[in-house]
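Working notes, beginning with the structure itself.
Because only heavy atoms are used, hydrogens play no part in the values below, and waters and symmetry mates are left out as well, while side chains stay in. Quick note: residue numbers are just sequence positions, from 1.
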Amino acid sequence: MEVQLVQSDADLERVADVMLELRDAFDRPGLLAQMREQRAQGYEVAWVEADGEVLCVAGFVVGTKLAWGRHIYVDDLVTAARHRSTGAGRTMIEWLKAHARELGCRDLHLDSGVHRFAAHRFYLRERFDIDSHHFSITGL
């Protein structure tokens, strides 16, 4: 398995179908437009590939906050349903940790919906801690 960073629109096209498994409120054109807009603001996308197939995709930003210092925040992380439990997610997490260290980041953070129990088991296995609750007011 190999991890690559999106460098072009062609790369975005390659990862879109897997990302849609997580972000299914979008249609493909809308997802691609949103990802392009976010990339212009610093959003990066990486993917795990094996035998020419996209197995796992992560969208993330590098930032600095008073609470965390320099960090990577993972906005989106999804392994294609048919490739779960193959090591693709673990490969991505290991790559994200290494990438964070290369960039001088102290932390790797993400939020996960309260209903995503399988994802929570995965994050705990990968040694993430539950550090906080995320509160939001939506629909303003």
Using the rule that Ile, Leu, Val, Met, Phe, Trp and Tyr join whenever any side-chain heavy atoms are under 4.5 Å apart, tell me whether [X] and [Y] fall into a single cluster.
X: M92; Y: F128; result: yes
X: L22; Y: V61; result: yes
X: L110; Y: I72; result: yes
X: V78; Y: W95; result: no
X: W68; Y: L77; result: no

- Message: Using the ring-ring contact (aromatic ring centres under 6.0 Å, His included) criterion, which residues pair with F26? Sequence neighbours excluded.
- Response: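 With neighbours one apart ignored, the set is empty.
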Measure the [atom1]-[atom2] distance between [X] and [Y] for me, rounded to the nearest 0.5 Å.
X: T64; Y: R106; atom1: OG1; atom2: CZ; answer: 9.5 Å
X: E102; Y: K97; atom1: CD; atom2: NZ; answer: 14.0 Å
X: R116; Y: Y123; atom1: CZ; atom2: OH; answer: 8.0 Å
X: L12; Y: L31; atom1: CG; atom2: CG; answer: 8.5 Å
X: D76; Y: Q38; atom1: CG; atom2: CD; answer: 7.0 Å
X: S112; Y: I130; atom1: OG; atom2: CD1; answer: 9.5 Å

- Message: A quick test of your reading: do over 12 heavy atoms of other residues, nucleotides or ligands sit less than 6.0 Å from CZ of R90?
- Response: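 Open: at most 12 neighbouring heavy atoms sit under 6.0 Å from CZ of R90.
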I need the minimum non-hydrogen distance between [X] and [Y], along with the two atoms involved.
X: V3; Y: A46; answer: CG1-CB, 4.2 Å
X: E21; Y: T79; answer: OE1-O, 4.1 Å
X: A16; Y: R28; answer: CB-NH2, 3.8 Å
X: M1; Y: T91; answer: SD-OG1, 3.8 Å
X: A80; Y: V18; answer: N-CG1, 3.9 Å
X: C56; Y: G89; answer: SG-CA, 4.2 Å

For [X] and [Y], indicate whether the former's side chain and the latter's backbone hold a donor-acceptor pair under 3.5 Å.
X: R14; Y: D9; answer: no
X: D24; Y: L20; answer: no
X: R70; Y: L103; answer: yes

- Message: For H109 and H71, take the angle between the two ring planes, folded into 0 to 90°, and tell me which bin it lands in: parallel under 30, tilted 30 to 60, perpendicular over 60.
- Response: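 Rings of H109 and H71: perpendicular, over 60°.
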- Message: Please identify which of these residues, M35, Q4, E49, meets the side-chain contact (heavy atoms from CB on, under 4.5 Å) condition with V15.
- Response: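 When side-chain contact (heavy atoms from CB on, under 4.5 Å) is applied between V15 and each of M35, Q4, E49, only M35 qualifies.
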With the side chain counted from C-beta on, respond yes when [X] and [Y] share a heavy-atom pair under 4.5 Å apart, and no when they do not.
X: I93; Y: F122; result: yes
X: V62; Y: C105; result: yes
X: R101; Y: L96; result: no
X: V54; Y: D17; result: no
X: E126; Y: E94; result: yes

Contacts table for residues 133-140: side-chain donor-acceptor under 3.5 angstrom, sequence neighbours left out:
from	atom 1	to	atom 2	distance (Å)
H134	ND1	D111	OD2	3.1

- Dump the intermediate steps for side-chain contact (heavy atoms from CB on, under 4.5 Å) on V57 and V45, then the final yes or no. CA-CA 7 Å; V57 179; V45 181; 3.7 Å; yes
- Item | Listed once per pair and sorted, the ring-ring contact (aromatic ring centres under 6.0 Å, His included) pairs that draw on residues 37-60, sequence neighbours left out |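 ring-ring contact (aromatic ring centres under 6.0 Å, His included) check on residues 37-60 returns F60-H99.
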